[in-house]
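First comes the structure, then the notes that go with it.
Only heavy atoms go into these numbers, but all of them, side chains included; no hydrogens, no water, no symmetry mates. What you are looking at is a predicted structure, and each value in this text was computed from that prediction instead of being measured.
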Amino acid sequence: MRFATWNVNSIRARVDRVVDWLQRSDVDVLAMQELKCRPSQFPFQRFEDAGYEVHMHGLNQWNGVGFASRIPAEDVVEGFPGMPEWGASGLEARALGATFDGVRLWSLYVPNGRELDNPHYTYKLDWLKALADDAAGWLAAEQPLALMGDWNIAPRDEDVWSMDFFAGRTHVSAPERAAFQRFIDLGFRDVVRPYLPEGYTYWDYQQLRFPRNEGMRIDFILGSPEFASEVTGASIDRDERKGEQPSDHVPVIVDWGPDDRPMVF
DNA sequence: ATGGTTGATCCTCAA
């Protein structure tokens, strides 16, 4: 099976690209973030015509998470217990869980944080702590489980194009990196890094960041031990940042399952 | 060519 995650930055602006990519890439389940729409606005038919069912969670023009899959989704859950609210606007559409053929997946859009002294930064850290608290319990199920999405954290210095540029900014701060590391300490593994030690997943639209390859690695797939042990490959589809109307993020893909296992002795 | 973003509830906010 092939699983992927992609912050599509508006599904309505990019449905052609996303559906074309799904079919071309032979993906079974795609976790999507930043759909930027409510269910009534989602182009469900375009996915269904391509053989994919969609489950999505969207409340307004911001955030929005979902799954497109060739496998039926079971036990679909919006948000997680204890997920913090954002001020008066309440719960945001940043997490959707679903099970596909026994594999539990989460599509996650971690709050951006904006600046270190911004209330969104505290919200981001609180949100990650609440997720980790719940995810610790999910691991006890000893079921294949993966947390997939836009984490808005660059865990290593080499995950940003310039540490000088990011000095004093979000995504690289010690508290954010500690929040990410907590998932690793719980037993999750970055299942892409062993196959691809280098490579960005995001380039800002501004300042010619992509032509200059001034990007960030902030989209990750963290697998439980039961998930990680069945991963047989991974890729980052950098080409999806090219061409007409790209998202500012690119897809991150893992190949998974006993049927995909190459011969290992 | 000495510049340079995109998307949404679209002239302001979010990333």
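Atom CG in A/Leu208 sits about 8 Å away from atom C1' in B/dG3, given to the nearest Å. Regarding A/Trp62, its CH2 atom lies at a distance of 8 Å from the C1' atom of B/dT9, rounded to whole Å. One atom, CG of A/Asn63, and another, P of B/dC13, lie 17 Å apart when rounded to the nearest Å. Separating the CD atom of A/Glu92 from the C1' atom of B/dA15 is a distance of 13 Å, rounded to the nearest angstrom. Straight-line distance from the CZ atom of A/Arg12 to the P atom of B/dC10: 11 Å, rounded to whole Å. Here B/dT5 presents its P atom at 16 Å from CD of A/Glu244, a figure rounded to the nearest Å. Note: CG (A/Leu35) to P (B/dG7) measures 15 Å, nearest angstrom. One atom, CE of A/Met216, and another, C1' of B/dT5, lie 16 Å apart when rounded to the nearest Å.
Residues A/Trp127 and A/Tyr109 keep their aromatic ring centres 6.0 Å or farther apart. For A/Trp256 and A/Phe227, the ring centers sit closer than 6.0 Å to each other. Taking the ring centroids of A/Phe100 and A/Phe67, they lie under the 6.0 Å cut-off.
Remark: the A/Arg209 side chain and the B/dG4 base include no donor-acceptor N/O pair separated by less than 3.5 Å.
Close to B/dA15, at under 4.0 Å from its OP1 or OP2, lies a side-chain N or O of A/Arg114. For A/Gln41 and B/dT9, the shortest distance from a side-chain N or O to OP1 or OP2 is below 4.0 Å. In terms of phosphate contacts, A/Arg14 brings no side-chain nitrogen or oxygen within less than 4.0 Å of OP1 or OP2 of B/dA8.
At the heavy-atom level, A/Tyr202 lies nowhere under 4.0 Å from the strands shown. The residue A/Arg212 sits close to a base: some heavy atom pair falls under 4.0 Å. Residue contacts shown for A/Asp204 are absent, as no nucleic acid heavy atom lies under 4.0 Å away.
Atom C1' of B/dT6 sits at a distance of 22 Å from the matching atom of B/dA1, rounded to the whole Å. Comparing B/dT5 with B/dT9, their P atoms sit 22 Å apart, to the nearest whole Å. Taking the P atoms as reference points, B/dC10 lies 14 Å from B/dA14, given to the whole Å. Taking atom P on both B/dG3 and B/dG7, the two are 25 Å apart, rounded to the nearest angstrom.
Nearest nucleotide to the side chain of A/Glu34, out of B/dT9, B/dA15, B/dA8: B/dA15. Each of B/dT5, B/dT9, B/dG7 was ranked by its minimum atom distance to the side chain of A/Gln245; first place goes to B/dG7. Considering only side-chain atoms of A/Tyr205, the nucleotide from B/dT9, B/dA15, B/dT5 that sits closest is B/dT5. Closest to the side chain of A/Lys36, from the set B/dA15, B/dT9, B/dG7, is B/dG7.
A/Ser247 and A/Glu240 are not linked by any side-chain donor-acceptor pair at a separation below 3.5 angstrom, with hydrogens and angles left out of the test.
Residue A/Gln206 is the one, among A/Tyr109 and A/Gln206, whose nearest nucleotide of DNA chain B lies closer to the 5' end (criterion: closest heavy atom). Where A/Gly113 and A/Ser10 each meet DNA chain B at their nearest nucleotide, the meeting point lying more 5' is that of A/Ser10.
The existence of a salt bridge linking A/Asp157 and A/Arg177 is confirmed by a sub-4.0 Å separation between a basic side-chain nitrogen and an acidic carboxylate oxygen.
Closest non-hydrogen pair, A/Asn63 versus A/Ala93, comes out as CB-O, 3.3 Å.
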